[in-house]
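Everything below concerns the one structure shown next.
Residues take their numbers from the sequence shown, with the count starting at 1.
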Amino acid sequence: MAVALGLLASAAPALAAPVFSDGFESGDFSAWSQVQTGGDGTAAIQSAVVRTGAVAAQLSESANAGSKAYLRKTFSAAQQDITATGDFQVVKEGASGGNVPFFRFLDPASARVVSVFRQNATGALGVTFANGTRGSSTAKLALGTWASIAMHVITNGANSTVTVSLNGTQVFSTTTASLGTAGVSTIQIGNDTASQAFTVVADTIDVQSGAPASPSPPVNTVKPTISGAPQVGQTLTATTGTWSGSPTITYAYQWQRCDSAGANCAPVGTGANTYPVTSADTGSTIRVIVTATNGVGSSSATSNQTTVVSGTSSAPVNSSPPTISGTAQVGQTLSAGPGSWTGTQPMTFAYQWQRCDSAGNLCAAIAGATTASYTVASGAAPNGDEGSTLRVVVTATNGGGTSSPASSSATSVVSASATPPGLVALWHMDETSGTVMKDSARTHNGTLKSVQLGQPGFAGLAYGFTGASQVTVPSAADLNPGAATVTVTIHLKTTSVPATPDWDLIRKGVFTSAGGEFKMEYQPSGQASCGFNGSSGYSELMAGPALNNGQWHTVQCVKTATAIQVVVDGVKFAKAATLGTIGNTDAMAFGAHPNSEFFKGSLDEASLQVG
């Protein structure tokens, strides 16, 4: 097959749409479908050689038998028109005659379609087709040099298109490649051929359907900023600001010292994005110039200057002790005030809540209670607060150092919470052993299955649900709301979301149960939903924000005579519904359907209120 080199005319490119991207900032290869190494081949996330962000991927293979290293991403559907772009640096090459692949495209049968590579020794960029023929270019890439590589492929039988760009400049093109019509289902970086020595670093991988974006120089849209205290001994940190442009942009920094009015600026410091403030800066202001560069051009943008640099800071010293506001009662939230401090601003404060005896002595730190607020936990010490007193210890930090801890006065003795009207069941989920979930309101104890106990909770401790855990509470007449208003409450924390259909949080009955059902579920969108099936019909509502941010959230499902509600962190979403009565003989289940649709995360402080 003859392959032409040059800029060839072709049909108008398809509108690009995202297919896949990964800059490896997750610190792993979880975005990829396959990570394959063999022999002494390696695939690792490293921070020594990086194009953008904090890390990049490094793939290495030696000439030893069986050595190989590559990553593959398989798409949900084959792409007929596809562009893959990435930043690559060949750190080490093998013997002359071999090459280092950048991108390899595979069809739905995992057969090779086309590859773009760097030839060992010469550094020339080339293309390899499935039938073994090659296309070459005059473009070269030196060892140890970053480059943006883009390959655009349209699979159209014997009239397929392949173009390759280096740093935004097209270096290879053909419209007569024979690539079949199956399309591209998988991209690969690295080499699936063993014993071909290389080390390559890859960063900012981006795959789109359609043609690559036209090259354009960097343009600043939001100017750089400086964070940190302008004070001797402190370190300032610059952001790049926001830029547009293609291909990939790299950034350089130039710090400048200006007079107190921000004028008469002169270069200081190094080209790093950080600047250590020295005594020479006292009385001056500091700014940074960021220069953005890509294969098309470069441009610079300047930050605002800092406030006037002050001298060496003095460490914090407490002049008035921390305070606690709120009611010392189970379920109530206490708030800490840091007290008053002398020393150089700004200061940050660290909090540690402590549980003390009834006289305010023998205080011990409460695990996980390290924010400015604390929800009083049920039960007695060592895991609950009833009968104890509470205090907060505050530590202040500034550029001059960290203070000695300062303690508040102890609260009054913690009392039990008042029982809300209509409270049928309250499960604190504070157990640390055994297989029984205790109901503190009445006698509706549950049975635990594969539940992790003693997890840090919304209030006190919590249960961990592993994706195979559940709790069941036997049916009882007062667990059925009948025609009355019913409120089901739980607190959840998770970073996961389910696949189809959903995960169950709380349910009593199923859709086919005689007498109906009520349920609280967690959806693939990360949102909570509530469903009720009564004698007059069924209604369901999914609402509120996604909850998979690793923070505690409070979710309530409410049925009244005329509506159903989803309440998330106090925000109410409602839907009109007239459902009649609900009452069944099914057990009440937590964290599962039961026996399917298992929740994965933490649950705490569940309750059922009727009326």
*Given the rule in the side-chain contact (heavy atoms from CB on, under 4.5 Å) test, do Tyr70 and Ile189 qualify, once you have shown the distances and angles that lead to the verdict?*
CA-CA 6 Å; Tyr70 63 88; Ile189 61 175; over 6 Å; no
*Where does the angle between the aromatic ring planes of Phe20 and Trp32 fall among parallel (under 30°), tilted (30 to 60°) and perpendicular (over 60°)?*
perpendicular
*Within the distance-only criterion (no hydrogens, no angle test), does the side chain of Asn167 pair as donor or acceptor with the backbone N or O of Ser148 below 3.5 angstrom?*
yes
*Take Lys223 and Ser303, measure what side-chain contact (heavy atoms from CB on, under 4.5 Å) needs, and give me the verdict at the end.*
CA-CA 6 Å; Lys223 63 184 178 181; Ser303 72; 5.9 Å; no
*Are the side chain of Asp259 and the backbone N or O of Gly262 linked by a donor-acceptor pair below 3.5 Å?*
yes
_Is a donor from one side chain sitting under 3.5 angstrom from an acceptor on the other, for Thr186 and Thr74?_
yes
_Closer than 3.5 angstrom, by distance alone: can the side chain of Gln551 be matched with the main-chain N or O of His553 as a donor-acceptor pair?_
no
*Any donor and acceptor pair, going by atom type alone, linking the side chain of Ser137 with main-chain N or O of Leu125 inside 3.5 Å?*
yes
*Within the distance-only criterion (no hydrogens, no angle test), does the side chain of Thr494 pair as donor or acceptor with the backbone N or O of Lys600 below 3.5 angstrom?*
yes
_Under a 3.5 Å distance rule, please check whether Gln254 uses its side chain to pair with a backbone N or O of Val290 as donor and acceptor._
no
*Determine the sole option in Pro338, Ser404, Pro316, Ser403 for which the side chain to side chain contact (heavy atoms under 4.5 Å, CB included) test with Thr395 is passed.*
Ser403
*Do side-chain atoms of Asn120 reach the backbone of Gly123 as a donor and acceptor pair under 3.5 angstrom?*
no
*So Arg51 and Asp87, salt bridge (Lys or Arg N to Asp or Glu O under 4.0 Å) or not? Walk me through it.*
CA-CA 7 Å; Arg51 179 67 156 177; Asp87 293 325; 3.7 Å; yes
For residues 237-245, run the donor-acceptor check on the side chains, cut-off 3.5 Å, and write out each pair with its distance to 0.1 Å, sequence neighbours left out.
| from | atom 1 | to | atom 2 | distance (Å) |
| --- | --- | --- | --- | --- |
| Thr239 | OG1 | Thr225 | N | 3.1 |
| Thr239 | OG1 | Thr225 | OG1 | 2.7 |
| Trp243 | NE1 | Thr240 | O | 2.8 |

*Would you say the side-chain atoms of Glu61 pair up with the backbone N or O of Gln196, donor to acceptor, closer than 3.5 Å?*
yes
*Please name the pair of heavy atoms, one in Thr85 and one in Ala150, separated by the smallest distance, quoted to 0.1 Å.*
OG1-CB, 3.6 Å
*asked:* Consider side chain to side chain contact (heavy atoms under 4.5 Å, CB included). Of Val268, Thr235, Thr306, which one does Tyr275 pass it with?
replied: Val268
*Relative to the ring of Phe29, is the ring of Phe24 parallel (under 30°), tilted (30 to 60°) or perpendicular (over 60°)?*
perpendicular
*Heavy-atom pair of closest approach, residues Val393 and Ser407*: CG2-OG, 3.5 Å
*Gln46 side chain vs Ala48 backbone, donor-acceptor pair below 3.5 Å*: yes
*Is a side-chain donor or acceptor of Arg118 paired with a backbone partner of Leu141 at a separation under 3.5 angstrom?*
yes
